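The next block holds one structure in the form of structure tokens; read it before the comments.
Per chain, numbering begins at 1; letters A, B, ... match sequence-line order. Keep in mind that what you see is a predicted model, and the values were worked out from it rather than measured.
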2 protein chains.
Amino acid sequence: MEDIAAMAGVALVTVSRVLNTPERVAPATRKKVEDAIRRTGYVQNLTAGALAGSRSRIVAAVVPTIANSIFADTVQGLTETLEAAGYAILLGQTTYDATREESLVRAMLGRRPDALMLVGAPLSAGTRRLLKAAGIPVVETWDMVERPIDHVVGFSNFAAGRLVAEHLIARGRRRLRGLGGDEARSRARLAGFAAGIAAAGLEPQPAVVLASPGSATTGRDAMRALIDQGLPDDALFFTSDIIAIGALLECQRRAIAVPGRLAIAGLGDLELAAQMVPPLTTVRISGRAIGKAAAEQLLSAMAGTPSARRRIDLGVELVVRETT
Amino acid sequence: MEDIAAMAGVALVTVSRVLNTPERVAPATRKKVEDAIRRTGYVQNLTAGALAGSRSRIVAAVVPTIANSIFADTVQGLTETLEAAGYAILLGQTTYDATREESLVRAMLGRRPDALMLVGAPLSAGTRRLLKAAGIPVVETWDMVERPIDHVVGFSNFAAGRLVAEHLIARGRRRLRGLGGDEARSRARLAGFAAGIAAAGLEPQPAVVLASPGSATTGRDAMRALIDQGLPDDALFFTSDIIAIGALLECQRRAIAVPGRLAIAGLGDLELAAQMVPPLTTVRISGRAIGKAAAEQLLSAMAGTPSARRRIDLGVELVVRETT
DNA sequence: TTGAAAGCGCTAACAG
DNA sequence: CTGTTAGCGCTTTCAA
């Protein structure tokens with residue numbers, strides 16, 4: 001920066017101003033500086049800026065996993081909005097592991113991000129403490145956490161599960177089973193599903209707990225196991241579309257009529273859900289919209305705007321297609 | 001850090017040592033410092049450390065997009081290896097836009113990452129210049145770029161396309177068409193496919209250029225258009241599995257026998273490819289392995305190890321299933 | 001509108 | 001093994 005200043009015949013501060021608040025520099029002066037920057041290919045050191053200014057313009061994003069997953073959409077939505085505002089994204093993956101989450105969050109906080117986004121609630125009390133102590137805006141996403149640290153953007157996983165149960169029962173199904181991964185959001189969906197069944201005076205079939213994150217193979221295997229047991233159900237709710245798709249394909253392979261013999265519903269509304277044969281009934285959730293809303297929350301919190309709404313419930317919409 | 005030092009009755013540097021090189025501090029001293037850190041919940045400021053030590057322990061990852069995409073696997077692979085070594089990941093998405101790429105890379109470089117990973121070659125000469133001037137290890141991935149900036153980890157997209165053509169021809173197909181997105185890697189795959197056809201003395205059907213990134217819907221629409229033209233082909237190669245899957249589902253819907261009437265091949269070997277009915281023939285590519293290898297390249301380059309191999313070709317493997 | 005001075009919170013280099 | 005000294009490259013006052 002000193003070199004640029006010398007080259008432009010101004011003081012170092014002026015270069016800093018051209019970079020940060022160009023409107024406060026006289027056009028002629030500005031031009032001299034900009035020319036020098038262009039000639040040299042100078043790239044400002046934002047690390048030094050972060051230290052001096054105590055604003056890093058970095059936002060941390062903590063997700064369970066990004067591979068083959070819906071959370072990638074949330075990161076995408078978050079990035080789009082935040083990058084436009086000059087923020088960079090620091091990405092971390094917990095793989096649903098509480099210990100890992102805590103050390104990851106600690107490492108991220110060491111980078112002094114201006115804000116942080118988390119999928120779900122923290123997995124451990126330690127992480128929660130770290131986050132509270134960090135004193136930066138935090139947004140939890142993908143679930144309307146009861147007692148959030150700061151902001152929440154999501155929907156009720158319980159309500160989503162219940163919605164599916166009600167739909168299946170209205171369609172005349174009586175032997176309903178839920179299947180889902182071994183993590184908080186899946187369990188909430190399953191609980192809502194069971195509640196919906198109970199509310200109709202029916203008895204739910206025992207839920208099946210699968211590995212997280214689920215995949216098409218997980219769905220296929222679960223379906224096979226059920227078929228081997230004689231398929232005692234007439235409707236299945238998978239807590240994620242990709243698992244439901246795997247199960248649906250297995251039904252096709254084994255010539256089990258869907259929805260004739262068995263109804264299948266998923267959750268997420270993957271682009272592929274609508275393309276399946278038959279198209280999959282599911283609950284629509286826009287991971288990208290969640291990311292975008294989270295970014296907006298964070299942006300206004302960083303701007304110091306006392307945001308009226310700390311809780312944003314994006315709601316949940318049943319998309320009835322042909323598998324039910 | 002000064003507070004911790006005072007509390008532990010040592011000098012500030014000693015605290016720094018406990019945090020960075022604990023083996024160089026006497027166990028008793030170390031314990032006093034660690035206790036003080038635990039009591040206060042102190043989180044080291046790595047930004048200041050980066051400025052003072054000129055090592056940020058940040059690696060930048062620049063991908064076209066992470067949503068619904070294979071590149072998420074690469075980021076995953078990269079992260080796993082790098083996080084274990086104490087690095088954080090700064091994520092950026094170009095959406096295949098050269099202008100965006102350049103401003104993104106500039107912003108990332110301002111954060112002084114210790115290394116950078118790029119999917120493919122830079123989209124513009126400006127980006128390339130920035131990267132060269134940055135003086136940090138750079139790894140280009142997903143394609144064996146001819147003249148890389150520094151390191152490359154990938155496979156030959158041309159060879160992959162050619163492999164598919166040879167397979168289809170060996171299976172007796174004669175009217176082969178390639179379909180793929182409008183970006184460099186897709187085009188290379190299509191070029192290889194065309195070359196394979198020409199080498200057999202056949203005439204390729206005109207390739208179809210689709211939007212990037214492709215989706216199942218893209219595949220369905222492309223398939224519909226072809227059917228409406230009377231489906232002049234007996235084999236189709238889609239440059240990505242998800243597009244091929246969309247096309248395959250459309251064939252099922254329109255009762256076009258696969259592979260009887262039409263052979264279909266994809267590329268990528270998505271987990272879902274093997275689950276399709278019939279299972280999809282494809283070219284296996286592990287995005288995660290690419291990320292992992294890239295991380296290892298970067299790690300050894302940052303360690304100053306004069307890495308013997310600057311080019312790692314992970315090769316390409318045809319997975320013959322039932323759609324061909 | 002521009003500039004001079006004083007740090008931001010650490011690590012590197014050197015000494016003891 | 002521990003401590004002292006001197007910055008890292010910026011932004012933030014404050015003054016002119």
Less than 3.5 Å apart, which donor and acceptor atoms pair up between the side chains of residues 9-22 of chain B and the rest of the protein, not counting sequence neighbours?
{"from": "B/S16", "atom 1": "OG", "to": "B/N20", "atom 2": "ND2", "distance (Å)": "3.3"}
{"from": "B/N20", "atom 1": "ND2", "to": "B/S16", "atom 2": "O", "distance (Å)": "2.9"}

Mind listing the side-chain donor-acceptor pairs of residues 288-302 of chain B below 3.5 Å, one per line with the distance, residues two or more places apart or on another chain?
{"from": "B/R288", "atom 1": "NE", "to": "B/E80", "atom 2": "OE1", "distance (Å)": "3.3"}
{"from": "B/R288", "atom 1": "NH2", "to": "B/E80", "atom 2": "OE1", "distance (Å)": "3.4"}
{"from": "B/R288", "atom 1": "NH2", "to": "B/E80", "atom 2": "OE2", "distance (Å)": "3.2"}
{"from": "B/K292", "atom 1": "NZ", "to": "B/E296", "atom 2": "OE2", "distance (Å)": "3.1"}
{"from": "B/S300", "atom 1": "OG", "to": "B/Q297", "atom 2": "O", "distance (Å)": "3.2"}

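Within the structure, salt bridge (Lys or Arg N to Asp or Glu O under 4.0 Å) pairs that include any residue of residues 81-92 of chain B comprise A/R100-B/E83 (at least two apart or interchain). Counting only residues at least two apart or in different chains, salt bridge (Lys or Arg N to Asp or Glu O under 4.0 Å) contacts with residues 129-143 of chain B are absent. Residue pairs satisfying the salt bridge (Lys or Arg N to Asp or Glu O under 4.0 Å) criterion with at least one member in residues 19-36 of chain B, sequence neighbours excluded, are listed as follows: B/K31-B/D35, B/D35-B/R38. Identified under the side chain to side chain donor-acceptor pair (under 3.5 Å) test for residues 106-123 of chain A, with sequence neighbours left out: A/S56-A/D114.
Shown here are the side-chain hydrogen bond (donor to acceptor under 3.5 Å, both in side chains) partners of B/T47, two or more places apart in sequence or in another chain: there are none. Among residues two or more places apart in sequence or in another chain, the side-chain hydrogen bond (donor to acceptor under 3.5 Å, both in side chains) test is passed with B/D73 by none. Annotation: ring pair (Phe, Tyr, Trp, His ring centres under 6.0 Å) contacts of B/Y87 (sequence neighbours excluded): none.
Across all strands shown, B/L12 has heavy atoms under 4.0 Å from base atoms, whether or not it also approaches the sugar-phosphate.
In this model, the phosphate group of D/dG9 is not approached by any side-chain N or O of A/Y42 to a distance below 4.0 Å at OP1 or OP2.
Contacts between residues 14-39 of chain A and DNA chain C, defined by a heavy-atom separation under 4.0 Å, are made by A/T14, A/R17, A/V25, A/A26, A/T29. For DNA chain C, no neighbouring residue in residues 2-9 of chain A is found when judged by any heavy atom under 4.0 Å.
Here CG of A/L109 is found 10.0 Å from CG of A/L104. Values are rounded to the nearest 0.5 Å. Remark: B/I58 CD1 to B/L82 CG distance equals 11.5 Å, nearest 0.5 Å.
Close approach of DNA chain C to chain A, defined as any atom under 4.0 Å from a non-hydrogen atom of the protein, starts and stops at C/dT1 to C/dG9.
The side chain of B/A52 approaches D/dC8 more closely than any other nucleotide in the set D/dC8, D/dG9, D/dG3.
Across the protein-nucleic acid pair, A/L51 atom CG and D/dG9 atom P stand 12 Å apart, rounded to whole Å. A/R57 places its CZ atom 17 Å from the P atom of D/dC10, with the value rounded to the nearest Å.
For the pair B/V10 and B/A48, both in contact range of DNA chain D, the more 5′-proximal nearest nucleotide belongs to B/V10.
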